[in-house]
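Quick notes on the structure that follows.
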Amino acid sequence: MVSEHSAVPARAQILVASNRGPVSYTLREDDTLDARRGGGGLVSGLSAIGSDADALWVCSALGPGDREAVRRGVGEPGVLMLAIDESVHSDAYNGIANSVLWFIHHLLYQTPLEPVFDEEFRRQWGSYESYNRSFAEALAERAGDGATVVVQDYHLALVPGMLRELRPDLQIGHFSHTPWAPVDYFRLLPDDIAQQLLRGLLGADRTCFLTQRWADAFADCCRDQLGDDALTGTHIGVHGLGADAEFLRERAHRPDVAERMATLREQIGPGRKTIVRVDRTELSKNIVRGLLAYRSLLHSRPEWRERVTHIAFAYPSRQDLAVYRDYTADVQRVADEINAEFGTADWTPVILHVKDDFARSLAAYRLADVALVNPIRDGMNLVAKEIPLVSDEGCALVLSREAGAYEELGDDAVPVNPYDITGTADALHRALTMPAGERLERTARLSAAATALPPHRWFLDQLEALRRLGEATDAGGDRGPGSGG
Ligand code: G6P
């Protein structure tokens, strides 16, 4: 429901800041606004503190619908949308966050020719700074005395430092949902930029990561760039976000999912095994190499022809960027090539869908014999946690050792080096031939590990840790140093 005035508390005690907010607006033909609420860990995390809690989510207007909502003063309770200048936002989001920071943390550059840190980069960096400053100022204005603020991700890396200067009384947390780059790769950034980023994050009382591996990489970069004492004053936390079992299991058994299962079953054909992958079409997800590995499997082990179907859902992401559009076309091309080479009258080797459909994703989860999750690098990867949980007959999980989820699921997955095509083809074969009993046992352990830290607990743990730090400071304790906490 869209109300014509926003119910935003003047001063909040718990604040969340992220680029993408929990709601987005589109302008209908009749000139009214349609509000859609999104999902994800933060949304279900926040719901745990209750709707009457004194909470505020600060986010950015992203599209024309969002901007129009801000202009009309339309809003959702507890959400403050900032209409930052469109070109500033584009430089910060497309130029810096998605084309530089995302590339650094996921090791995506083709280094003989890129990155190029020139005047244009410096200009965009200026926009990134002012975008971050807008958030810091809005948070400073809306936070009550001693409030807790949790800032999300690489879009807002400078906010903790800026906010600390404006409001030393606040408890500030930062959460990185991505991996963190290893020292030598982080050093691709110009020194002053690298140091500014780290100092921005170190403005938080706690800076948090999804796995110990990314937390260690961050600490290594701090020591390398800023010296051994850099971490004094900031605690490093690790919170491995888990899947929301209750929500997923209920949602996956609704009629719209059953309908899509029937359609998929028809497309797959009787008696065939399924290899399922569901991703946003990110360069880091490694969808093309996944398809190449499947092709390699069909070449090297012809016994699988007509006996397996690869269901690949690759949903649109960041289509403003040419490199993402090109990658989407590559995915389509390789899938078409495989279908042309191996397809028969009643067998389509790859069923590729590129239009987002959550119910269909859940349908594919339920039908999965094998889940393929082979990212080049990934902060966590919740799909790896969700498929074993939802699959009707348990599934074998082929999992990249470079996904954050590997830290928790590695023991019961079939591991792969994401660059190794023949290795991945072998892993697919191993997964497809895993004995039913073993598959069920592994699925049970995978599901337990996947749900160890559900979203609401993940979020409450962070608030609790910040609150404890606040109490310790009030009692005369120091800020930092070190990890844990
Ligand atoms: C992925 C990453 C998050 C990031 C998000 C942004 O989900 O794991 O770390 O915040 O992408 O996506 P967007 O569509 O807003 O660029």
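Order of appearance sets the numbers: ligands from 1, and atoms from 1 within every ligand. FYI, the numbering just counts along the sequence from 1.
When all heavy atoms of Tyr406 and Pro415 are compared, the closest pair comes out as OH-CB, 3.4 Å. Here the closest heavy-atom approach between residue Ile376 and residue His106 is recorded as CG2-O, 3.7 Å.
Remark: Glu246 CD is loosely packed, at most 12 non-hydrogen atoms of other residues, nucleotides or ligands lying under 6.0 Å away.
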Atom pairs and distances, donor-acceptor, side-chain atoms in residues 364-373, under 3.5 Å, two or more places apart:
unit_1: Tyr365; atom_1: OH; unit_2: Glu386; atom_2: OE1; d: 2.7
unit_1: Arg366; atom_1: NE; unit_2: Asp392; atom_2: OD1; d: 2.9
unit_1: Arg366; atom_1: NE; unit_2: Asp392; atom_2: OD2; d: 3.2
unit_1: Arg366; atom_1: NH1; unit_2: Ala252; atom_2: O; d: 3.0
unit_1: Arg366; atom_1: NH2; unit_2: Asp392; atom_2: OD2; d: 3.1
unit_1: Asp369; atom_1: OD1; unit_2: Arg439; atom_2: NH1; d: 3.3
unit_1: Asp369; atom_1: OD1; unit_2: Arg439; atom_2: NH2; d: 2.9
unit_1: Asp369; atom_1: OD2; unit_2: Thr274; atom_2: N; d: 2.9
unit_1: Asp369; atom_1: OD2; unit_2: Thr274; atom_2: OG1; d: 3.4

Polar pairs, ligand 1 vs protein, N/O only, below 3.5 Å.
unit_1: ligand 1; atom_1: 9 (O); unit_2: Asp153; atom_2: OD2; d: 2.5
unit_1: ligand 1; atom_1: 10 (O); unit_2: Asp153; atom_2: OD2; d: 2.6
unit_1: ligand 1; atom_1: 11 (O); unit_2: Arg280; atom_2: NH2; d: 3.0
unit_1: ligand 1; atom_1: 11 (O); unit_2: Arg318; atom_2: NH2; d: 3.2
unit_1: ligand 1; atom_1: 12 (O); unit_2: Arg280; atom_2: NH2; d: 3.0
unit_1: ligand 1; atom_1: 12 (O); unit_2: Arg318; atom_2: NH2; d: 3.3
unit_1: ligand 1; atom_1: 14 (O); unit_2: Arg20; atom_2: NH2; d: 3.1
unit_1: ligand 1; atom_1: 14 (O); unit_2: Arg280; atom_2: NH1; d: 3.0
unit_1: ligand 1; atom_1: 14 (O); unit_2: Arg280; atom_2: NH2; d: 3.4
unit_1: ligand 1; atom_1: 15 (O); unit_2: Arg20; atom_2: NE; d: 2.8
unit_1: ligand 1; atom_1: 15 (O); unit_2: Arg20; atom_2: NH2; d: 3.2
unit_1: ligand 1; atom_1: 16 (O); unit_2: Tyr93; atom_2: OH; d: 2.5
unit_1: ligand 1; atom_1: 16 (O); unit_2: Arg318; atom_2: NE; d: 2.9
unit_1: ligand 1; atom_1: 16 (O); unit_2: Arg318; atom_2: NH2; d: 3.3

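Ring planes of Phe209 and Phe218: tilted class, angle from 30 to 60°.
Of the listed residues (Ile96, Thr178, Asp153), just one forms a side-chain contact (heavy atoms from CB on, under 4.5 Å) with Trp102, and that residue is Thr178.
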